Structure formats: C-alpha cells, structure tokens
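Quick caveat, the model's predicted, so the values are computed rather than measured.
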Amino acid sequence: MNSSFHPSFQSVHVQLLITIFLAVLLWALYQRLRKVEFFHWWAWAWTCSAIFLAAAIESVKVGPDWTPLKISLLVVVLVFGMMQSLLLALGGLSWSIPERSLKKIFRAGLWLTLALSAAAFWVGFHLRLNRDVSFAARNLPRTLTMMAALGYCCVVFFGQWRRKKSWAALMSGAFCLLYAINQVSYTIDFVGILRKYYGNGTEVTPNPIDYVQVLLGSPLFFLDLVHICGICLGMILLLVEQSQSTERNLEVSERRRLGLAVNNVELQQEIDERHRVEHALRESEAKFRLVAETAPCAIWILQGEKLVYVNKYAENLSGYSREELLSMNAWELVDPQFRTMGEQRYNARLRGENPEPRYQFRIRTKAGELRWLDFSGARTNFEGKPAILATAFDISAIKRAEQQLLERTMYLDALIANSPLGIVTKDEQNRVVFCNPAFERMFNYSQNELQGKDIDSILAPHDQEEANRITYAIREGGIIHATAQRRRKDGTLLDVELHGIRFFSGETFVGAFAIYQDITERRRSEEKLQTLRNRLTRTQEEERSRIARDLHDDIGQRLALLSIDLEQMKLASQRDGSAFARELEALVRTASEITSDVHN
C-alpha cells in the first residue's frame, strides 16, 4: 500500500491546498475585520481541517500497520477532525449572537471533543484487524458532528440572507447545506459497514485497495472539493459585502466630518450642550444613588454574570455584604427553579427583545432562607456596556399570607362542597352568586338556573312578605336563625331551618350567605310524637279514673263495715268501761273521716 496509491488519491492534495487557501483567507478576513468574531472561529476551524487532511494523507502513506507513527497520526486526525466541527458551530453561534461570550461553551465543547476522540480511537484500535470497520468506527463521530455543525451554520447563513438580503450569506449557506448532505452520505456508509459487521458477527472481507483510498476516489469526495470551493467563494463575497459596508460607513463619516467642519459654531454649541448634559448626568447619577440607597426596595445593575451596583437594601435582603455581592456570580443567588427563566429573559433584553418586564421569583439568602421578590427590570448602559437595571420588593410575607389564604380557601371549598347542608351566597341585591351541591339537591335547581336571580322570588313566592322580612333582618341584624317553608322546583314545600349571616368588605355591605337544613321529616316526627303524647295522656287519665272508681267502691264498702263494727264495739264497751269506750269512739271518728274522704 505504501508503494501504490489509488490514482485519485492525488485529489486529496487538491482538497488540502483549497482548505489551506480557505484558512488563509479567513485569517486575512479576521485581521481586516477584527470586530467580526465569526471569521476568527472559522479560521481556526479550517486550519484544523487542513491539519486533519495532512495527517490523514500521512497516515495512509505509512501503511495499514498500527505503528507508533501511525497511532500518533490517527490521534491527530481524530482530534483535529472533531475540533473542526466544534469551531464551525461556534462560528455560527458568534454570527447569530455576536455580543455573547463563547469561552465557557468552547471549554465545555473542547472536553466533549477530546472525550469523543478518545472513544473513537479506542473503538478503532480494538477493530484494527478489520480496517474498513475500524475506519468507519473512527470517522462516524466526525461525520455526525460535521453534519450537525454545517446544518446549524446553514440555518445561520439563511437567517442572515432573510434579514439583510445578503447573497454571499445565501451562497455560503447553500454550500454548507450541500457539504452537510455529503456528511450524511458518509454517515450512512459508515453505519452500513458497522451494522454489517455487528449484525451477523462475521468478519468483513478486506478490500484489495485500502478503504481510505476508495473513499478518496468516490464522487462524494470530489463533491467535497466543489463545496469547499463554494464556501471559499462565499467568504470572498462576504469580504466584498463587508468592505462595501465599511466604505459606506466611511463615506457617511466623511460627510459628517465635513459638515462638522463647515458648521463649527454649531459644533461648539453641541460641545457646550454636551458639557451641560454631562453635568446634568452627574447630578442625575448623584440623585439616583441617593434615591437608590434610601429606597425601601432592592436595586441592582447586572452585567453578564456580575453585579456592578447594589444598594443597601439589597445587602440587607440577601445577607451578603456589598463586596461579596459584587464579587460573586449573581445567578447563584437565584433559586435553581427560576434560574433558567431569569437567564433567558436577561439575554432576551440584551438582544433588544421585550420580555415581560415584571415577574416574581425566589432567591436564597446567605443564611439559606428562601425569599420571594417582585422583580422588574429594563435594559440600560453602564460604563458603555449593556446592562440590566433591576428593582425588587421583598414579598415573602405576602406570599406566605397568600399560601395560608389558599389553604383556607381549599378547606372552605371542600367543606362547602361536601356539606350535607344547603349553602347559598347572595350579593347585596339578594341575587344568587353561588350554591353548593346539597342546595341543588334540596331544591332541585342547578346553580346556572339560580345564578343572578332573586332567591326569595324563586323559593318563597307563596310567602314573599315573610321572606322579605328575613332578608331585611339579615341585612340589618347581621345573623338570624329561623324556620320557614320554601318551595322546590316541582312546587312541593319544604320545612327548612335557615341561618343567615351578612358580610362586609370594609364598611360596605356586599352580600350574605344562608344555610338551609331540610326539617320536613323532623317536623313530621315531632307532630307524630305530639299526637302520641296526647293519646298517652288521655289513656293515663282514663286509667287513673277507672282505678279511682274501683278503689272508691271497694274501700268505701270496707270502711262502712268497719264503722258498723266499731259502733257495735263502742256500745258494748260503754257497758264494760268508759276508757275503752273513748278509744273506740276515736277510732270510729277516724273511720268516718276516711269514709268521707274516699267518697269525696
């Protein structure tokens, strides 16, 4: 393999030369247009591509054996091939968000690139006996990442074309899209090789020519050359557009300079006005600091991840000193649940969008306490750089009260919904606002049928005067307890026991609520009980009279006989002794009195 290469292998040298030209072109563009960070990232990306191609050429030349030189070249191929994808994506990101720093993303992407390169090398090394399978395993991660990076850059370029009608951006995006389609084709080939190898467990028969050389001779490889040339042309057109834009800006600047030279008096007036404005600005800044330091709310200025100004209230609220706040990452104060939302809205404001200016979130103080803030912010400039001016009120006590009120409301709603008593609320005009399910079942009306209607005209048309009296008593007296009859939807009357209670908002009467209990069955039971009680009383009186008559007749007869016997004994005793006669006489009188009482 070292002595004979595929005839089209020389085309890789052409691609290498074109890639080097593109890298040099991008570095030149970056040197000329340092404010455009896109050219910086893409210059590095195509530099990595050139190193990747050079190392790939040398790895083919050293043969198929995995010698230390071969391994070193493959490591370079893997690392710089993956780095190209990362740098292309960062270039597209810097084009779409030019004001954002990409250092953190680059560091994270670099670690991910090294990890993927190490994994691809490890898999390729273990499959080295099957060169085409090893080649597919090593290059599959690169084709996937290149496909994603080129696709993203395509979206960015097409967005630039839609916004500014840049034909150079359209051309660059189109060739990026075609280049990404080539990567899709490579990916499909690599996946097919791996599926064939792992699908049946058999070894893939090696090609007589090294797979790399076959790939270099494929139509897709020559299309890569065309697409890279197209991207070069797009970059040159971008340079032309940027140069034209710069010339237009210089021309406008020159006209302004000449106008200022001609109108020197106006310039001096403008300078004087600027001095006055600066003086007023200094006074305004002093007033701002005075207001901010005495305001009963937290005020801060956020720039990136750092706070550049905080007032005294913010120190007291967070528990951190001013020095601690200015040195720490501001987002660490925000509760993680709200951190992502806050960062998104912060970035949206910096992009000139208008997200909701006021919202609520939580922070964690130095002592670990969670506090709710009512936040409002707006974009401003601080020392020439964009920043966010924010004010926030501590609403932790309000939030706690809201939570307690919510819990009480939930308990009250559950109580009303599941109460066996009918409950209805009325407004100041005695119109139904709400009724619970028990009320609906009691009177067979739904809430929709009653809502907004005078309840007395529906439930008490048969006794409107009494219903109006109860309503008036509730409004004037506050609380009332009464029993009445109310009509159901089917016309039947219910005996109800009702409790009425009025309520006020401040000192304004806003309505009342009434609690109804169906006592129809209780009334019927009470009437039956009273009937039974009356019958029992009559029965008792009749029985008492019968017993009295029986006792009267029997005892009266016996006492009469006793009186006769005693009288006879009295006559007999008068003959025998006066003392005994007196005792018998007393007994006779007693018996006579008892007889008289029984008769009476």
Between Ala149 and Ser85, which heavy-atom pair has the shortest distance, and what is it?
CB-O, 3.3 Å
Look up atom SG in Cys435 and atom CD in Gln451, then write down how far apart they are to the nearest 0.5 Å.
8.0 Å
Compare all side-chain heavy atoms of Phe375 with those of Phe361 and state whether any distance is below 4.5 angstrom.
yes
Electrostatic pair Glu305-Lys104, nearest N-O below 4.0 angstrom:
yes
Would you mind reporting whether Leu74 and Arg138 have side-chain heavy atoms less than 4.5 Å apart?
yes
Quick one: pull up OG in Ser134 and NE2 in His126 and give me the separation to the nearest 0.5 Å.
11.0 Å
Lys/Arg cation over aromatic Tyr359: Arg345, 6.0 Å, 45° cone:
yes
Validation row: Phe121, Val75 side chains within 4.5 angstrom (heavy atoms)
yes
Leu326 versus Glu323: any side-chain heavy-atom pair under 4.5 Å?
no
Using the rule given for salt bridge (Lys or Arg N to Asp or Glu O under 4.0 Å), can you reason through Arg371 versus Glu369, listing the C-alpha separation, both sets of side-chain angles and the distance that settles it, and then say yes or no?
CA-CA 6 Å; Arg371 288 184 171 270; Glu369 179 186 1; 3.7 Å; yes
Please check if the side chain of Asp335 supplies one atom and the backbone of Phe338 the other of a donor-acceptor pair under 3.5 Å.
no
Please check: side-chain N/O of Asn311 versus main-chain N/O of Cys297, any donor-acceptor pairing under 3.5 Å?
yes
With rounding to the nearest 0.5 angstrom, report the CD1 to CG distance, Ile105 to Leu110.
13.5 Å
Thr47 OG1 to Met83 CE distance, which is reported to the nearest 0.5 Å:
10.5 Å
Return the orientation label for the Tyr346 and Trp331 ring planes: parallel under 30°, perpendicular over 60°, tilted otherwise.
perpendicular
Is there a side-chain contact between Arg502 and Val510 (heavy atoms, below 4.5 Å)?
no
Do we see a donor-acceptor contact under 3.5 Å between the side chains of Ser318 and Thr365?
no
Taking only Lys NZ, Arg NE, NH1 and NH2, and the carboxylate oxygens of Asp or Glu, determine whether Glu324 and Arg322 approach each other closer than 4.0 Å.
no
Rounded to the nearest 0.5 Å, what separation is found between the OG1 atom of Thr113 and the CZ atom of Phe106?
8.5 Å
On a heavy-atom basis, which atom in Leu389 and which in Ile301 lie closest, and how many Å separate them?
CD1-CG1, 3.8 Å
Between Ser396 and Trp372, is there a donor-acceptor pair closer than 3.5 Å when you use the side chain of the first and the backbone of the second?
yes
Flag side-chain contact, heavy atom, 4.5 Å: Leu325 against Leu333:
yes
Can a salt bridge be assigned to the pair Arg364 and Glu332 using a cut-off of 4.0 Å between side-chain N and carboxylate O?
no
